[in-house]
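Worksheet for the structure shown next.
This one's a predicted model, so the numbers in the text were calculated from it and none came from an experiment.
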Amino acid sequence: MKFGKQLEEYELPEWKGQYLPYKQLKRKLEELSTRTDTPRSQGSHSGWAVGSGSLVTSGSRVWDKDVPEEEAYTDADWLRTVEQETIRIGDFVDRGIHGLEQQLKDLAKMIEGLKSGGNIEDRIDENASLEEEASFLELRVLQAVGRVAEGVQRLRLFAELNHAALYKILKKHDKQLVSKEGLSEVFPRLVKATRLNETARFDALDSDLKKLSLASSKTENIDASPEVARLIAGLGRTGIVGSTVQPASHRSELVLSFFLGSSLALFLAIGVLLWLPEKSPKTFSEAYFLTPIPVFRVVFSFLLILWCMGTVAKICESSDVNHMFILNVDPRCRVTPEFFFARAATLTTLWILIFGMYVVDYKWKILPTVWAQEGFNKRASFHFVFYPVVLLLLTVIGSLAPSTICRNRYKLAIVRSVRRTAMAPFFPVDFADNMVGDVMTSIAKPLEDVPAAVCYLLSHHPQEEELVQSFIRNGDSCSATTHGLIVPLLAGLPFFFRAGQCTRRYIDTKECKHLWNLGKYLCSLLVVVVSRCDNTTLLVTVSTIATLYAFLWDVGLDWGLGIRELVPFNFAQARVVTENSEAPKLGQSTGPPQRHFPRKVYWLCSLVDLVLRSTWVFTLMPSSLVTRHIVIRVILVSVMSSVEIMRRSMWAVLRIEYEQLTNASGFRALLWVPSKLNTAPPERRPSTLSDSHRQPLLS
């Protein structure tokens, strides 16, 4: 296999762009070798001193420019480019090692604090005892050691791969240009300057990691590696990569892509079935056909939540957002995004199959009718209720089925979190409960479908004339009491719970921002109340205020986005240069922390949040206020419920990211969060790349 292909195979996708640009250098070298008049002696390269400050610090690479013919690209230019790229790679490795060393120091301090038993009260989860918290913190430390160990392994492989790439490209240079300068002079000088061959640095980190992993009370007096220590503590493996991309992960991504494509095709096929003309149009009733939709929609909303949970976890993992740590999940929990995707894929397949069978059966009368004379018309049948009932039962079984990955104690932890959320004024609020409360506000519309689904399942089957007319009027077969009391109560309860959490947070912290947050949820509650009144002007006014209130809070407070994050200007750097006229030193704070996503992502998310927040208020209103057409009403409710769940998932990623970076809500006593590599800004040194080309040390 050619080395260029081999290099692509071994590259970590999240560090793409940080490796030696082997293909581009090879292409430029081929252009030099095929040129008969190649000026090889212009600007001798032998006078360059690596790291002496004489490097060109242009923000773009040579192959990104169109060089005029009169300015011929020379051998010296090519060697200079190799030198600049190698210095950049060495800078990347140095920053990574410094970040890992800093995390090891922090871990060592935490271990000493645990051994001395000091200040545990400052870090304790108010819902746990001191002994439980001490044990939990020990597991957290071992978990962090595992993440740092993974970072060391990845960085070692990165340095080795670039070391080999540098050798191969300089060997090719000497061969094609009939020279000895590359391997005999340039290669040893660059390797010495960047220390790519110094494996002792990584060995020292491995040694420190082993000491830390064995300092825990769970692994004392055991001579074992960090991986063995983690396994002994019940934390599982870290997922350290080997010399190639993990095939299992790649295979799961292919399977997931295939399933999503197939599911999309099947949904389109169901759409075609719905559009095709039905058999016996005289007895076909749109209203009767749509009566079980609330049950199908409840299940679909649950499946969408599973998909979104997996997506949020996947994005956080790939962006070095330690969501498991931030959400205070048991370190022994091995639930991965693939678990959510697998469960969601299985249940989604069942949903498509059963709903498709129902569509075909009702439209083309595949099965004979049962007790049709007691129903709405001759097409009505008792057996139609079995489709949603079977789907609901399979969904419950699939969700509660025992699993060696998602154990019952983790499912019960979610139930306990929901209980604490519902009784917020009487329980302390941690970040996980805060997130649960926010997610509950986004499933207000699916919660309203629960009474409708129950009413359908408990009603007479086949559906009678009165029940079908009720569905035409209200979108379900529930009684007036249910519509006037239970449905508004379910729509408003999530906001009431969050208001209770805000009240408790204010009592605990005395920070006024929690009162402002309380006002946001009171506005949402007001939308629910006003939507039950016959006053369109008041409803529009209250909805507009609630939407803008929630949007500004999302962007400014929950995501921490301001001018610094959205405008491409380095205010912090400008202030430092103006005041001190010196470059910031390593470890010196120069403004807000480095974010994990490109600026355009924050702009896009802000715009999407504004648009979807504008539609979100419709989920708090009765659908009959928007339209009386039953088909449009069903489609509208289904779409609005789904997009709100997806909006909340987008919100969750940025909310967790901001909480990790700044501890904005003060849920953690320590700002430090374990990651695979430190993302602190490096000490200023000559570089061949501008900030726009430099990728953060994300893992």
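Between Leu353 and Tyr358, every side-chain heavy-atom pair lies at or beyond the 4.5 Å cut-off. Here the side chains of Leu518 and Thr503 are in contact, with some heavy-atom distance below 4.5 Å. You'll find the side chain of Pro446 stays beyond 4.5 Å of the side chain of Arg297, heavy atoms only.
Within the structure, every pair that satisfies the ring-ring contact (aromatic ring centres under 6.0 Å, His included) test and touches residues 446-474, not counting sequence neighbours, is listed here: Tyr456-His461. Residue pairs meeting the ring-ring contact (aromatic ring centres under 6.0 Å, His included) criterion with at least one member in residues 391-417, sequence neighbours excluded, do not occur.
A donor-acceptor distance shorter than 3.5 angstrom exists from the side chain of Asn377 to the backbone of Thr283, with no hydrogens or angles considered. Of the possible polar contacts, one joining the Ser606 side chain to the Tyr602 backbone as a donor-acceptor pair under 3.5 Å is found. For Ser641 (side chain) and Ile443 (main-chain N/O), no donor-acceptor pair under 3.5 Å exists by modelled atom type. Here the side chain of Trp559 pairs a donor or acceptor atom with the backbone of Trp651 at under 3.5 angstrom.
Side chain to side chain, Arg498 and Gln501 meet the donor-acceptor criterion of an N or O pair below 3.5 Å. Side-chain atoms of Thr348 and Trp307 include a donor-acceptor pair closer than 3.5 Å. Between the side chains of Gln463 and Ser459, at least one donor N or O lies within less than 3.5 Å of an accepting N or O. In this structure, a donor-acceptor pair under 3.5 Å is present between the side chains of Asp438 and Tyr521.
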- Trace of the side chain to side chain contact (heavy atoms under 4.5 Å, CB included) decision for Phe597 with Leu654: CA-CA 9 Å; Phe597 303 100; Leu654 298 186; 3.9 Å; yes
- Message: One pair to check against ring-ring contact (aromatic ring centres under 6.0 Å, His included): Tyr288 and Phe284. What are the steps and the verdict?
- Response: CA-CA 8 Å; Tyr288 194 100; Phe284 180 82; 9.8 Å; no
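Contact between Asp433 and Thr421 at its shortest, heavy atoms only, is O-OG1, 3.6 Å.
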